[in-house]
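When reading the values below, keep in mind they use all heavy atoms of this one structure, side chains included, and skip hydrogens, waters and symmetry mates. Note on naming: letters A, B, ... go to the chains in the order of the sequence lines (proteins, then strands), and numbering restarts at 1 for each one.
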Amino acid sequence: MKGKSANFQRRVLAVVAKIPRGQVSTYKEIARRAGNRLAYRAVGNILKKNHDPKIPCHRVIRSDGMAGGYNRGARRKIEILKKDGVLLK
DNA sequence: CGTATGACGTGCA
DNA sequence: GTGCACGCCATAC
């Protein structure tokens, strides 16, 4: 079995990539879908290091309704979500 | 392996 | 309702 530890990261990216446009998900939700619902911390960390433009990481927000952070600037993230019709706090 | 980091979440004052 | 401290997990070094 070659299953590497980074399997979680790959899973997270896959889940995020499946988020439909105009819709958002939370870090906790992503972590849950990725297999580890307690790894919501790692989810943010993984997305932070992820530089793949195919991953709409800007669609991942916090559970309290806030946009959270973004590699290109939280400001940008909020703008994108707003453009997608997603209202935040 | 141990330490440090972080785009978080929840609980409590 | 607001603010702060602790916990929690995966990655990086």
Interatomic distance, Gln9(A) CD vs dA7(B) C1' [rounded to whole Å]: 14 Å
Between dT11(C) (P) and Lys48(A) (NZ): distance, integer Å: 15 Å
Touch class at under 4.0 angstrom, heavy-atom based, for Asp64(A) against every strand present: sugar-phosphate
Interatomic distance where CG belongs to Asn71(A) and P belongs to dG6(B) [whole Å]: 13 Å
Side chain of Ala39(A) - closest among dC9(C), dG9(B), dA7(B): dC9(C)
Residue-level proximity of residues 73-89 of chain A to DNA chain B when a heavy atom falls under 4.0 Å: none
Nearest-nucleotide pick for Leu38(A), side chain only, options being dC8(C), dA7(B), dA10(C): dC8(C)
Separation between NZ of Lys77(A) and CG of Leu88(A), rounded to the nearest 0.5 Å: 8.5 Å
Within residues 18-30 of chain A: residues closer than 4.0 Å to DNA chain B (heavy atoms): Tyr27(A), Lys28(A)
Rounded distance (Å) that lies between atom P of dT11(C) and atom CZ of Arg11(A): 12 Å
CG on Asn50(A) to CZ on Arg10(A), rounded to 0.5 Å: 12.5 Å
Euclidean distance, Tyr70(A) OH relative to Leu47(A) CG, rounded to 0.5 Å: 10.0 Å
Closest-nucleotide 5' rank along DNA chain C - winner of Tyr40(A) and Asn36(A): Tyr40(A)
Side-chain N,O (Arg62(A)) to OP1/OP2 (dG9(B)) below 4.0 Å: yes
Arg76(A)/Glu79(A) salt bridge by N-O under 4.0 Å criterion: no
OG on Ser25(A) to NZ on Lys18(A), rounded to 0.5 Å: 12.5 Å
Length of the CD1-P vector between Ile55(A) and dA7(B), whole Å: 18 Å
Interatomic spacing from CD1 in Ile78(A) to CG in Leu87(A) - rounded to 0.5 Å: 11.0 Å
Residue Asn45(A), side-chain heavy atoms: nucleotide from dG6(B), dA7(B), dT11(C) that is nearest: dG6(B)
Please output the side-chain donor-acceptor pairs of residues 59-69 of chain A that fall under 3.5 Å, not counting sequence neighbours, one pair per line with the distance.
| from | atom 1 | to | atom 2 | distance (Å) |
| --- | --- | --- | --- | --- |
| Arg59(A) | NH1 | Ile19(A) | O | 2.9 |
| Arg62(A) | NE | Asp64(A) | OD1 | 3.3 |
| Arg62(A) | NH2 | Asp64(A) | OD2 | 3.4 |

Evaluation steps, side-chain contact (heavy atoms from CB on, under 4.5 Å), between Phe8(A) and Ile46(A): CA-CA 9 Å; Phe8(A) 181 73; Ile46(A) 290 163; 3.6 Å; yes
Whole-Å gap separating C1' (dA10(C)) and CZ (Arg37(A)): 17 Å
Check: Ala31(A) main-chain N/O paired with Asn36(A) side-chain donor or acceptor under 3.5 Å: no
